Peer 1: 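My structure is below; once you've seen it, I'll send some questions.
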Amino acid sequence: MWKLAFTPRWLGGLLLALVFVTGFVALSSWQFNASTSQQVHSDPAKDRVRPYTEILQAHQPVTNLTVDTVVQAKGEYVPGSSMLVAGRLNEGQHGYWVLSEFIPEGTDKATALGSTKPRAITVARAWIAGEDDHAPSIPAEPTGTVEVAGRVVNAQGAAPYTRTAEKVLESASPAQLTNLWDSPLYDGVLTLSAEVPENQKIPLNEQYTIAENATIIGQSQNLRPIRAAQATNDANINWLNIFYSLEWLIFAAFALYLWGRMLKDAAHRAAEPAEYTQYFEYEGEYFVDEATGRPYYWDPADEQYYFFDEVPEEASARVEDTPRNAPESVNPQKPADTKD
């Protein structure tokens, strides 16, 4: 069988089978990767503090690669810009986010409607306690130059601005705030974990991450840093994709099995040709070729003489001499493949 396998025909068949196997394995790998594509794992590199300019870019959105990264910036708050975002929990307690317009050092400027303004960051500088039906007083922004650090989170969609007098929003949306503040903004929202005056430094630990004892200016029991964590989802596995992955592996194994099975059958056919020969019974006149002594018969449909492999003894009484119109030695046009 292996000698037959190394012939050009069967080597070509093996090559074709391997092409199918490669394709099936690639599809299996794709399905397996798709089963965990919705998982989001924690990235320790995103917890290390870096300059805001590495993550926030003008006219560039925050992507899955940059979201949840901790950044720091030095600059000033725009006085009177703060607003509240309702429906924010902190350790199970109801409250609000305090959003403020922050102009960092080194920012670019944008021109719109004839005026040029520096690009600002939407900063969620604190969480403040308060009931949903009664907004608390908005704390004043720190004055002068301050340094802030926190995690950049995805911006939210704009929501109805229902409580105008109280300056309360339903979502943290830079797209909405750029109109309310009349100022160009970076994408994303910077949620603060630390805030210090200009003459102080953000407390960092050995891993260059924000220390647990970091505070914000004016921190109290009702006004606390937000300390957003990375969004993760390690348990989301699509089992349907897993089953599809196994199915493609079965197809790959079947391609090799089919080639092997066909090779085995071909080798067996070559070794035992008699098992694959078809016979049929014939009833009629038999003749014997005088030159060879082999029996044959006349096929009126094909108008040809055909040899028999053998003639049963019980039919020998019906065997006649060579007919007059037969050649001296019958030479059939197709191999003898019948017997009585």
Side-chain angles (χ1 to χ4, degrees), residues 1-43 63-65 232-284 286-287 289 291-315 327 329-340:
M1 182 178 75
W2 294 113
K3 182 178 180 180
L4 181 63
F6 285 98
T7 59
R9 175 186 177 185
W10 288 100
L11 285 176
L14 177 60
L15 180 61
L16 180 61
L18 291 176
V19 169
F20 279 104
V21 168
T22 302
F24 292 152
V25 170
L27 289 171
S28 175
S29 177
W30 172 69
Q31 288 286 359
F32 182 80
N33 292 333
S35 68
T36 58
S37 62
Q38 300 301 318
Q39 288 186 335
V40 179
H41 303 286
S42 177
D43 184 1
T63 67
N64 290 337
L65 297 178
T232 60
N233 186 0
D234 298 335
N236 189 8
I237 298 178
N238 191 330
W239 288 103
L240 183 59
N241 289 110
I242 295 290
F243 293 140
Y244 285 153
S245 177
L246 296 175
E247 188 177 58
W248 284 118
L249 290 178
I250 293 173
F251 290 160
F254 180 75
L256 290 177
Y257 167 79
L258 183 62
W259 177 85
R261 180 67 186 186
M262 294 175 65
L263 174 63
K264 182 178 179 181
D265 290 345
H268 188 266
R269 186 180 294 108
E272 302 291 342
E275 295 184 10
Y276 298 89
T277 304
Q278 297 182 354
Y279 296 92
F280 67 92
E281 295 184 357
Y282 175 79
E283 295 183 359
Y286 294 83
F287 306 98
D289 181 18
T292 62
R294 296 181 63 190
Y296 64 92
Y297 75 101
W298 169 258
D299 189 335
D302 293 347
E303 296 184 352
Q304 297 288 340
Y305 290 98
Y306 296 109
F307 283 120
F308 282 92
D309 291 334
E310 61 183 21
V311 178
E313 294 181 359
E314 60 270 17
S329 179
V330 177
N331 184 19
Q333 300 300 310
K334 65 179 181 179
D337 57 357
T338 60
K339 69 178 181 180
D340 187 85

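As the structure is a prediction and not an experimental result, all values here were calculated from the model.
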Peer 1: Within this structure, what is the CG-CZ distance for the pair L246 and F32, rounded to the nearest 0.5 Å?
Peer 2: 9.5 Å
Peer 1: Could you give the distance from CG (L249) to CZ (F24), rounded to the nearest 0.5 Å?
Peer 2: 11.0 Å
Peer 1: So, taking the atom named CG in L18 and the one named CH2 in W259, what distance separates them when rounded to the nearest 0.5 Å?
Peer 2: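 Going from the CG atom of L18 to the CH2 atom of W259 covers 8.5 Å.
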Peer 1: With rounding to the nearest 0.5 angstrom, report the OH to NZ distance, Y257 to K264.
Peer 2: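 Result: 8.0 Å between the selected atoms.
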Peer 1: Identify whether the distance between the nearest side-chain nitrogen and carboxylate oxygen of R269 and D265 falls below 4.0 Å.
Peer 2: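 Between D265 and R269 there is no salt bridge, as every charged N stays at least 4.0 Å from the carboxylate O atoms.
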Peer 1: Could you walk me through whether M262 and L258 pass the side chain to side chain contact (heavy atoms under 4.5 Å, CB included) test, one step at a time?
Peer 2: CA-CA 6 Å; M262 294 175 65; L258 183 62; 4.1 Å; yes
Peer 1: Could you grab the distance from atom CG of D43 to atom CG of L65, nearest 0.5 Å is fine?
Peer 2: 9.5 Å
Peer 1: Mind running side chain to side chain contact (heavy atoms under 4.5 Å, CB included) on W298 and E303 for me, showing each step along the way?
Peer 2: CA-CA 7 Å; W298 169 258; E303 296 184 352; 4.1 Å; yes
Peer 1: Please find the pair of heavy atoms, one from A252 and one from V21, that lie closest to each other, and give the distance.
Peer 2: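 That closest heavy-atom pairing would be O-CG2, 3.4 Å.
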Peer 1: Can you measure from OH (Y306) to CG (D299) and round to the nearest 0.5 angstrom?
Peer 2: 5.5 Å
Peer 1: Can you label the angle between the F251 ring and the W248 ring as parallel, tilted or perpendicular, going by 30° and 60°?
Peer 2: perpendicular
Peer 1: Which heavy atom in A255 sits nearest to a heavy atom in A17, and how many Å separate them?
Peer 2: O-CB, 4.1 Å
Peer 1: For a quick test of reading the model, state the closest non-hydrogen atom pair linking L4 to A267 and the distance between them.
Peer 2: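 Minimum heavy-atom separation between L4 and A267: CD2-N, 3.7 Å.
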Peer 1: If every non-hydrogen atom of A266 is compared with every non-hydrogen atom of W10, which pair is closest and at what distance?
Peer 2: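 In this case the closest contact between A266 and W10 is CB-CZ2, 3.5 Å.
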